[in-house]
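Here the structure comes first, spelled out in structure tokens, and everything after it is commentary.
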Amino acid sequence: MNTRLAVRALAGIALVIGTVVAAACAPQKPKGADLGASQSIKSLMEKRGLSEADVEAALKTYVPGGKYDDYMIFASGGQSGQVLVMGVPSMRLLKVIGVFTPEPWQGYGYGGDSTAVIDGAGQSGHKITWADVHHPNLSESKGDYDGQYLFVNDKANARVAVVDLADFNTKQIVVNPLVSSDHGGAFVTPDTDYVIETSQYPAPLGREYVPIDQYKDKYRGLAMFWKFDRKKGRIDPAQSWAIELPPYTQDLADAGKLGSDGWAFINSFNTEMAVGGTLEGKPPIESGASQNDMDYLHVINWKAAEKLVAEGKTTTIKGFRVLSMQTAAENGVLTLIGEPKSPHGCDVTPDGKDVIVGGKLDTHATVYNFDKIKALIDAKKYDGKDVYGIPILSFKESIRGQVEIGLGPLHTVFDDKGMAYTSVFLDSAVAKWDYKNLKLIEKLPVHYNIGHIMAAEGDTVSPDGHYVVAMNKMSIDRFTGVGPLYPQNFQLIDTDGDKMRILSDTPIGIGEPHYSQMIKIDKLKPLKMYPVGTNIYQGGIDPNATVAGKERIDRSKPGVVDVYMTAIRSHFTPDRIEVEEGDVVNLHITSLEQAEDQTHGFTINMYNVDLSLEPGKHENVTFKADLPGVYPMYCTEFCSALHLEMAGYVLVRPKGTPAPGASGSASGSASAAPSAAPNASAPKK
Ligand code: CUK
Ligand code: CUA
């Protein structure tokens, strides 16, 4: 592949390595030649088989330790149920945020306060501990990323999570009890008033059983408008509402911006309403759903819908206010427009004027124009109605044009120079095109089968340019073999020059990322620590937070042991907890640390308890001591020179056994932990 890269080596290489400064205009020169590089660099290039293009790409992406990346990526972790945080241009992995899946390093979902987030995220009483994460979306103010929150959807179980970017923790998961899967989400409106989640596979609303031969009458799609309360940093389900949609398989969605603010767009496929039946001799959904030449783009006036909801024009299903599709159709809230074969992708341009839709079985990107659509809707100029009475606009009169892109255009992102970048799945390419003048500019091959594509601030009203990332589904030939399950491949692409070029390949070995977003680093203001005693889920100081010297074990309630506990280098107080078999044990642990990066962990053998105690954090853990025995508890982060000594015991004596003398008191005299430990430990302040 080095030859392929070398072919892309272009004029204007400025190479700066140490004291060697050289400028060369030498496309396709042999390795190492004429770079003006020092002999040592040349021989290094030869030894490692690197071309000039390789070296330039390395220089463009290398970020030395202590220097920071320019952008941060929030990438879907796919089946892992997590979100990956990466730096650009280095593509270094900075963090994996536990979202729908318990995450042990962050102590997420292992007995502490976060457990309620995961346990509360089940559907219909079923506990679900994974997700198919598709679309992370950053919160916006006036259509621009504001760096405060991240929303992600779980396609498999119709859920949306809220990640707080003050501490990069998942604070809330809301479950959608109306639908069985989602896909068009979690897209935000320009001021994050709403987080939009649209269904994927139609099913009876409210998750009931209806025979599949009643698909047309009883199965439905849905667009949920989750109301976001920015002050609380949480979605407010009580203020959220939904619009019923026909059982066309709704796919991607996007919110309008600037001139099209107040509107939302959802594409769909399977307007044939195919339901499979392969064993019964019927065609599979894949062919049944590919009969029509046109599916439907759904155009939603959500501001008008909001008004109808406020006026009470809704029915209630499972506690949610739902606007029926008839009411929506009659009031101009829901309109359809044809879209070419098996559409995918639905992306509003930065100026809010156009909506771009790809087609999995088409060769075009179709550019719908909002002003044209709006004029047709205002004039009630319809081309007809669908079987549900929803008005349809003329395709020809709604579009500004189509651009021949290649085989299987999917998703489109934007830069600051009026360029659109569309992922082309079957071609395995990135197509760069001028979306104002509808002109294809360039196609760059990628490896292989690109799904989503992301650009720096590419979903905002003011994209940054510089980089796009191809999120490739396959990685044949790209990396060392790791068995039949191959990693996905993120290819960083430089878009600054006349020609696009690939700078690096980054394997993603944790799931199949779908979408990602890339934000300028200076928009993020993450915390370095918490005020001592902070409950990061409830906000503020936890009522059970413990201050130094007030540690205690409270046995005043029969059968219950409350332990008010502190952690600081390098001991827990108390460090011996004696309980009786059957006792319910509540641990209230406060980290007293106020030094940066001074995190302690906490675990108890056998009880599946695992916490991360970042500086100042408070955690509450409840477990039933149902197994008599001796259980070491210890710190799981190598926090100091005496980290291994940061340990203690939970002693569970058999039911009815008398308590030994002074055991379990907060000041066990046999404690070996010297209180001077902080000085003897880490080199940190
Ligand atoms: S989808 Cu996966 S490549 Cu869920 Cu946004 Cu298009
Ligand atoms: Cu605290 Cu190790």
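Counting starts at 1 for both ligands and their atoms, in listed order.
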If you count the atoms of ligand 1 from 1 in the order shown, which ones are under 4.0 Å from a heavy atom of His344?
1 (S), 6 (Cu)
Going by the 4.0 angstrom heavy-atom rule, the piece of Leu252 near ligand 1 is side chain
Quiz item: cation-pi between Lys360 and Phe425, 6.0 Å / 45°:
no
Measuring from atom 3 (S) of ligand 1, which candidate in Glu512, Gln200, Lys473, His134 has the nearest non-hydrogen atom?
Lys473
Ring centre gap for Phe414 and Tyr435 strictly below 6.0 Å:
yes
Check whether any N, O or S atom of His452, backbone or side chain, sits closer than 2.8 Å to atom 4 (Cu) of ligand 1.
no
Contact flag Thr599/atom 1 (Cu) of ligand 2, N/O/S atoms, threshold under 2.8 Å
no
Is it true that His600 and Glu593 share a donor-acceptor pair across their side chains at a distance under 3.5 Å?
yes
Ring pair (Phe, Tyr, Trp, His ring centres under 6.0 Å) between His135 and Phe187, intermediate numbers included:
CA-CA 8 Å; His135 306 114; Phe187 298 97; 5.5 Å; yes
With atom 1 (Cu) of ligand 2 as the reference point, give the N/O/S atom of His600 that is nearest.
ND1
Between Trp130 and Phe100, does the ring centroid distance fall short of 6.0 Å?
no
Please report whether the ring centroid of Tyr219 lies less than 6.0 Å from that of Tyr201.
no
Suppose I only count heavy atoms of His135 and a 4.0 Å limit; which atoms of ligand 1 are within that range?
1 (S), 4 (Cu), 5 (Cu)
Is the cationic atom of Arg552 (NZ for Lys, CZ for Arg) positioned less than 6.0 Å from the six-membered ring centroid of Tyr564 and within 45 degrees of its normal?
yes
Per residue His643, nearest N, O or S atom to atom 2 (Cu) of ligand 2 is named ND1
Phe228-Phe151 aromatic ring centre distance below 6.0 Å:
yes
Students should be able to answer this: which protein heavy-atom is nearest to atom 2 (Cu) of ligand 1, and at what distance?
His514 ND1, 2.1 Å
Just jot down the ligand 1 atoms closer than 4.0 angstrom to any heavy atom of His411, in number order.
1 (S), 3 (S), 5 (Cu), 6 (Cu)
Provide the atom name of the closest N, O or S atom of Glu637 relative to atom 2 (Cu) of ligand 2.
O
Can you tell me if Cys635 has an N, O or S atom under 2.8 Å away from atom 1 (Cu) of ligand 2?
yes
